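Small disclaimer: the values here were computed from a predicted structure and weren't measured. Whatever order the structure lists them in is the order used to number ligands and atoms, beginning at 1.
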Amino acid sequence: MYNSRIVGLGKYLPDNIVTNNDLAEKMDTSDAWIQERTGIKERRHIVKGQGDTTASMGVAAARIAIKRAGLQPQDIDMILFATLSPDYYFPGSGVIVQELLDIPTCPAMDIRNQCSGFVYGLATADQFIKSGMYKNVLVIGSENHSGGLDFTTRGRGVSVIFGDGAGAAVLTREEDNKKGVLSSHLHSEGKFAEELSLIGPSTNRWVPEILEANDPEDVSYYPYMNGQLVFKNAVVRFSEVIMEGLTQNNLGPDAIDMLVPHQANLRISQFVQKKFGLTDDQVYNNIQRYGNTTAGSIPIALTEAWEEGKIKSGDLVVLAAFGSGFTWGSSIIRW
Ligand code: UT7
């Protein structure tokens, strides 16, 4: 059995910065409300028609990650693409990445686990590498939220939170089983499936049905979030799944060098930081600049933490996520 190790990280954010005040021009919200409730100051939005898509942003992040890994795209044995906002309903965006990276053929698989998508992707990559089936696996998290949000006052509880962007990691085979991904911990609780969801269009609620109903109140084609319920579950599950990972490795919270939480809400990260007695330097947050980029959030934050020299060889790095499904998970990594 091998271990897997992250050997390259990359990120891509669209240039277009949208501040809270920009949003306040479109809906009844304010910079003060958004900052106080979420910590977000600004986020990036794709400018439609200027070339950025979920797949293309993923490719831009992946090219950087592959280069930093000292590899060529053709060295990638498998692509795992986590998103809730794929370019098409089908096929998934992984195959578009394979084509844009000019990899002749390789397995490409989309992961549908929303905010936990990157942690699920990392766990899947780790298993394929551990088994010896593949050596180099590319994991991407990318989202184009702005293409599908309601930017009227009706949608303000959701649309001020989410931003666009992508992050990527290359994992490779590691012979030393004390290094790399030490363990992954994944969960779901489908009874809450509709509490953070986009119901239509879907095979249960197909476009002709929505059009035929012609109901101005029916906005099932926009995301819905029961914010308070999600928040309450998030703080519990984040804490549980981090502790589960530490315990499996016979470690305590004091062993954490860097926690990179999914960037859902600064208040959630601060709650978890306090719970585990971590300092500001031990928790990486960038939601202030990018909002919540769902599957993109952990790989973007991990890339930035690494670029800023905050993650060093030998560090214990913990990733943790919670979101739609509900799904949640953690990765315990010895860098
Ligand atoms: O990444 C996936 C996981 N997602 C999360 O973890 C998100 C978890 N939830 C949250 O982060 C928070 O629940 C939100 C930031 C979404 C909302 O914050 P909240 O403190 O839970 O606010 P609320 O939903 O209870 O709404 C409070 C008030 C309401 O007005 P009334 O009913 O008290 O008059 C809302 O209508 O704030 C109003 N409101 C807004 N006001 C100004 C909701 N959105 C906005 C807004 N601007 N954008």
So, is the end of the K130 side chain (NZ or CZ) under 6.0 Å from the ring centre of Y2 and within 45° of the ring's axis? no

With ring centroids as reference points, do H187 and Y120 lie under 6.0 angstrom apart? no

Could you walk me through whether T294 and E143 satisfy the side chain to side chain donor-acceptor pair (under 3.5 Å) test, starting with their C-alpha distance in whole Å, then the side-chain angles of each, then the deciding distance to 0.1 Å, before giving a yes or no? CA-CA 7 Å; T294 305; E143 303 289 358; 4.6 Å; no

Closest protein heavy atom to [atom], given as residue, atom name and distance to 0.1 Å:
| atom | answer |
| --- | --- |
| atom 10 (C) of ligand 1 | N265 ND2, 3.6 Å |
| atom 29 (C) of ligand 1 | R156 NH2, 4.8 Å |
| atom 19 (P) of ligand 1 | R37 NH1, 3.7 Å |
| atom 2 (C) of ligand 1 | C115 SG, 3.0 Å |
| atom 9 (N) of ligand 1 | G227 O, 3.0 Å |

Option with minimal heavy-atom separation from [atom], where the choices are [options]:
| atom | options | answer |
| --- | --- | --- |
| atom 7 (C) of ligand 1 | K232, M225, H262 | M225 |
| atom 5 (C) of ligand 1 | I34, V230, T29 | V230 |
| atom 16 (C) of ligand 1 | N233, L229, I161 | I161 |

Identify, by atom number and element, the atoms of ligand 1 in contact range of [X], meaning under 4.0 Å from any of its heavy atoms.
| X | value |
| --- | --- |
| V160 | 48 (N) |
| F231 | 8 (C), 9 (N), 10 (C), 11 (O) |
| G157 | 16 (C), 44 (N) |
| T38 | 15 (C) |
| A264 | 1 (O), 5 (C), 6 (O) |
| I268 | 6 (O) |
| Q228 | 13 (O), 21 (O), 23 (P), 25 (O) |

Counting only heavy atoms on the protein side, is anything nearer than 4.0 Å to [atom]?
| atom | result |
| --- | --- |
| atom 31 (P) of ligand 1 | no |
| atom 40 (C) of ligand 1 | yes |
| atom 48 (N) of ligand 1 | yes |
| atom 36 (O) of ligand 1 | yes |

At a non-hydrogen distance cut-off of under 4.0 Å, which region of [X] contacts ligand 1 (side chain, backbone, both, or neither)?
| X | result |
| --- | --- |
| V158 | neither |
| N292 | side chain |
| W33 | side chain |
| M27 | neither |

Pair S297-H262, side chain to side chain donor-acceptor pair (under 3.5 Å): steps then yes or no: CA-CA 6 Å; S297 103; H262 162 54; 2.6 Å; yes

With side chain to side chain donor-acceptor pair (under 3.5 Å) as the criterion, how do T53 and D87 come out once you've worked through the C-alpha distance, each side chain's angles and the decisive distance to 0.1 Å? CA-CA 7 Å; T53 69; D87 295 36; 3.0 Å; yes

Over 12 non-hydrogen atoms of neighbours within 6.0 angstrom of [atom1] in [X]:
| X | atom1 | value |
| --- | --- | --- |
| E99 | CD | no |
| E308 | CD | yes |
| Q74 | CD | yes |
| R267 | CZ | yes |
| D215 | CG | yes |
| E194 | CD | no |
| Y89 | OH | yes |

For ligand 1, find out whether one of its N or O atoms is nearer than 3.5 Å to an N or O atom of F322. no

Do E307 and K11 sit within salt-bridge range, that is, some charged N less than 4.0 Å from a carboxylate O? yes

NZ/NE/NH1/NH2 to OD/OE distance under 4.0 Å, D164 and R43: no

